[in-house]
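Below is one structure, written out as structure tokens, with a few remarks after it.
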Amino acid sequence: MDLILFYLKKLFSVFKNEVFVLPSRVVVVLFFLFVLLLPVFTKDPYLLRIFILTSIFAIFAASWDLLSGFTGQMNFGHALFFGVGAYSAALLNLHAHIPPWGSIPLGALVAVLAGLIIGIPCLRLRGTYLALTTLAFPIVLMGLVFAFPDFTGGELGISGISRLTTSRVSDYYVVSVVMLGLCTIMWKITDSNTGIIFHAIREDEVAVRAAGVNTTRYKLLAFCLSGFFAGMAGGLYAHFMRIAGPANLEVSMSFTVVIWAIFGGVVTIYGPIGAVFLLFPLLEFLRFWQEFRMLMFAVIVLVILLYMPDGLFPWLRDKIEKECPRCKIRNIALRNTCRICTAQLDK
Amino acid sequence: MGLIIDIVITGLISGSTFALLAIGFSLIFGAARIVNLAHTAFYMVAAYCIYVMTQKMGLHPVWGMIIATVLVALLGLISYQLFINPIREHEGAVLIATIALAMVFQEVMSLLFTGTYLSVPALIKGYFVLLGVKVFYQQLITFCAALLVMTGLWLVLMKTKLGLALRSTAQDREVANLMGINEARVAMMTMGLSVGLAAFTGAVVVPLTILEPTMWMHPLIMMMAVVVLGGLGSLKGSFIGAYILGFAGALVVFLAPMGSFLKGPVALSIMIVVLLIRPEGLFGVSFEEER
């Protein structure tokens with residue numbers, strides 16, 4: 001009993017001293033609560049469907065950020081990982097009869113393999129060359145899909161895959177819990193030693209090499225990790241939609257993920273996730289003006305970029321928080337002195 | 001024999017199209033470091049412009065071509081000033097701003113003309129027979145016009161002051177600025193030139209293809225493959241790379257089974273293989289790390 005009380009007290013003090021002092025952390029807690037409690041308030045299958053897809057694409061967008069945002073290896077063919085994950089999960093499920101909880105991670109491992117295969121040649125390229133080369137890979141794969149329709153289903157894709165779970169609400173819980181888990185893992189990775197090296201590679205690769213770090217290995221690691229998470233998203237998508245088709249490999253898919261990530265702000269992980277949760281439902285609700293839907297979407301992205309070229313969420317965060325000039329700890333914008341070292345904060 | 005002629009003609013036509021597009025894309029990348037993914041969207045807009053001029057307003061096709069090229073170049077300048085110039089320093093933002101721009105054009109066009117397939121009649125109708133193969137006059141015109149424009153562009157780049165300014169900005173922006181070249185103005189003029197090229201390509205190609213709002217997607221990919229294959233910013237590379245990929249595509253379409261599906265993938269595989277051997281492309285110079 002005492003032990004439980006102790007942990008409760010500890011939890012309370014953590015919340016009081018670590019979470020409630022910063023608005024961005026409060027927002028993260030609210031986001032977790034929102035995602036987990038949504039089915040309590042509404043069981044509308046259409047709404048849940050939108051949020052399931054949103055969660056899947058949130059994993060996808062965050063995985064792009066992990067690779068391209070953090071290490072600066074602009075990947076324009078991220079749909080490759082998604083498609084490979086989706087196709088291999090579907091094939092494993094259909095031919096080997098592996099249930100979803102097995103086929104999705106196995107599909108993600110195949111996507112890791114894809115990450116290795118395109119990562120190794122791409123290590124020699126940088127910048128725009130890399131971006132334009134990676135764009136080619138999903139198109140090559142799509143050509144192969146069309147050329148061998150017996151195995152891949154060709155234009156129609158692979159259908160008849162088993163359901164994720166039996167009901168819409170449990171589907172929602174599986175996807176959203178996996179999303180929260182994977183995104184937390186990604187965020188932890190970027191916060192770890194590895195993540196710092198990723199970030200340093202983005203800033204100045206030569207300097208990182210001079211510091212004795214094998215950057216090649218880290219870049220490959222980034223390709224593999226990103227491939228794994230994107231493959232998970234692809235597998236979830238295939239099992240939820242019960243189809244894996246060439247649409248998963250399309251160029252527009254790769255472009256959309258780049259739009260989401262840069263719109264939300266790169267090198268953050270939370271930025272792309274937030275952007276997907278903002279833009280994807282927005283796109284669905286714009287269905288009222290069917291013809292103007294994509295136009296509105298593009299215009300919104302253009303206008304927001306004009307004012308916040310670094311992305312929406314870093315801009316918002318800078319509005320509500322400021323960094324202490326002495327100890328580099330973030331404070332709420334209302335404070336005049338730093339909450340740790342009591343240094344004067346600049347206005 | 002007929003097959004060979006067919007392959008040569010298809011290769012030359014698609015090669016010239018890719019070359020015109022890729023040279024425009026290379027120009028703006030070289031002079032302003034802008035990866036303009038909306039480049040082929042301008043080509044699409046120009047094609048629609050010509051459709052309106054000739055089919056709806058009854059103008060002569062040649063006038064239609066000239067007016068369309070000028071109008072689209074102006075459109076390019078306006079969108080550059082409004083959307084690209086303010087965020088030029090943010091590489092990622094420029095990328096998605098240009099994608100969004102292309103999407104805007106695509107959506108506006110599909111609102112105005114719906115998604116149906118349209119076509120424009122050839123400048124000169126008819127064909128002649130060369131060794132048993134029909135060669136349309138329009139194909140000949142397209143090829144000749146492409147060569148003519150490329151020669152003209154070469155002259156502009158090599159013989160005029162603007163060309164000199166453009167080439168020096170492409171080599172080193174900061175030093176060019178120090179030499180008294182107004183770098184921002186050069187960038188803007190290059191944008192006009194490059195969009196004008198894209199519009200011209202649309203103008204000469206439109207009778208050979210079908211108009212639809214998504215017609216910019218495929219050329220965009222091929223154009224980027226050409227540019228990467230030839231070396232970014234190298235005009236000679238773009239030119240040669242375009243014909244390599246054009247002929248590769250034509251060979252695959254005519255010779256391989258399921259060729260039309262494999263056309264794009266084979267061209268892109270060639271690009272990947274070349275990049276594995278020469279990471280800076282065929283004629284690219286490997287830049288020192290840019291600051």
Side-chain angles (χ1 to χ4, degrees), chain A residues 68-69 74 76 118 120-133 135-137 139-149 154-155 204-206 250-252 255-256 258-263 266 291-303 305-311, chain B residues 29 33 35 37 79 82-83 86-97 99-108 110-111 114 214 217-218 220-221 224-225 227-228 231-233 256-269 271-273 275-276 279-281 284 287 289-290:
Chain A
S68 304
M74 269 290 175
F76 261 30
I118 77 158
I120 289 171
C122 286
L123 284 174
R124 305 178 48 174
L125 309 169
R126 61 186 70 234
T128 319
Y129 278 102
L130 183 75
L132 301 185
T133 313
L135 182 68
F137 286 98
I139 300 168
V140 173
L141 189 63
M142 192 149 85
L144 292 179
V145 166
F146 280 134
F148 301 102
E155 207 160 327
D204 195 338
E205 197 186 329
V206 179
E250 266 176 10
V251 182
S252 55
F255 279 165
T256 329
V258 181
I259 290 182
W260 281 329
I262 297 183
F263 177 86
V266 284
E291 314 87 83
F292 296 102
R293 200 164 70 111
M294 289 309 283
L295 186 62
M296 301 276 284
F297 178 75
V299 169
I300 290 171
V301 169
L302 262 181
V303 169
L305 268 185
L306 221 47
Y307 294 100
M308 314 155 197
D310 278 327
Chain B
F29 178 81
R33 294 286 179 275
V35 178
L37 296 178
S79 36
L82 282 182
F83 299 114
I87 49 172
R88 242 181 80 191
E89 300 310 316
H90 303 261
E91 209 178 315
V94 169
L95 279 180
I96 67 166
I99 299 175
L101 210 58
M103 273 163 64
V104 168
F105 289 143
Q106 177 190 325
E107 289 306 308
V108 169
S110 58
L111 277 179
T114 66
T214 51
M217 212 55 150
H218 180 71
L220 175 71
I221 293 156
M224 300 218 277
V227 169
V228 171
L232 273 174
M258 306 292 282
S260 52
F261 288 136
L262 287 176
K263 181 172 75 168
V266 166
L268 294 173
S269 309
M271 175 194 87
I272 294 169
V273 170
L275 278 183
L276 290 186
E280 67 277 4
F287 292 99
E289 193 82 356
E290 276 196 25

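Chain letters run A, B, ... following the sequence lines, proteins first, then strands; residues in each count from 1. Keep in mind that what you see is a predicted model, and the values were worked out from it rather than measured.
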- Message: How long is the straight-line distance from CG of B:Leu37 back to CG of A:Leu135, given to the nearest 0.5 Å?
- Response: 8.5 Å

- Over all heavy atoms of both residues, which pair between B:Ala100 and A:Ala298 is shortest? Give the atoms and the distance, please. O-CB, 3.5 Å

- Which one of A:Leu302, A:Thr133, A:Ile259, A:Val266 has the most heavy-atom pairs closer than 4.5 Å to chain B? A:Leu302

- From B:Ile87 atom CD1 to A:Leu305 atom CG, the distance as rounded to the nearest 0.5 Å: 5.5 Å

- Task: Counting only heavy atoms closer than 4.5 Å, note whether A:Ser68 contacts chain B via side chain, backbone, both or neither.
- Result: neither

- Determine the option with the most heavy-atom pairs under 4.5 angstrom with chain A, choosing from B:Leu220, B:Val108, B:Leu95. B:Leu95

- Item | Value rounded to 0.5 Å, distance of OG in B:Ser269 from CG in A:Leu144 | 7.5 Å

- Task: Side chain from CB out, backbone as N, CA, C, O: work out which of these in A:Met74 comes under 4.5 Å of a heavy atom of chain B, or both, or neither.
- Result: side chain

- Identify which of A:Leu295, A:Ile139, A:Val303 forms the greatest number of heavy-atom pairs closer than 4.5 Å to chain B. A:Leu295

- Task: Quick one: which of A:Ala261, A:Cys122, A:Pro121, A:Ala131 has the most heavy-atom pairs under 4.5 Å with chain B, could you say?
- Result: A:Pro121

- Rounded distance [0.5 Å steps], CE in B:Met224 versus CZ in A:Phe76: 7.0 Å

- Name the region of B:Val35, side chain, backbone, both or neither, that has any atom closer than 4.5 Å to a heavy atom of chain A. side chain

- Message: Less than 4.5 Å to any heavy atom of chain A: does that hold for the side chain of B:Ala97, its backbone, both, or neither?
- Response: both

- Which portion of A:Val301 sits near chain B, non-hydrogen atoms under 4.5 angstrom: side chain

- Spatial distance of atom OG1 (A:Thr256) from atom CE (B:Met103) [nearest 0.5 Å]: 7.0 Å

- From CD1 (B:Ile99) to OG (A:Ser252), nearest 0.5 Å: 10.5 Å

- Heavy-atom contact with chain A under 4.5 Å, split by part of B:Leu82: backbone

- If you look at every heavy atom in B:Pro265 and A:Gly143, which pair is closest and at what distance? CG-CA, 3.4 Å

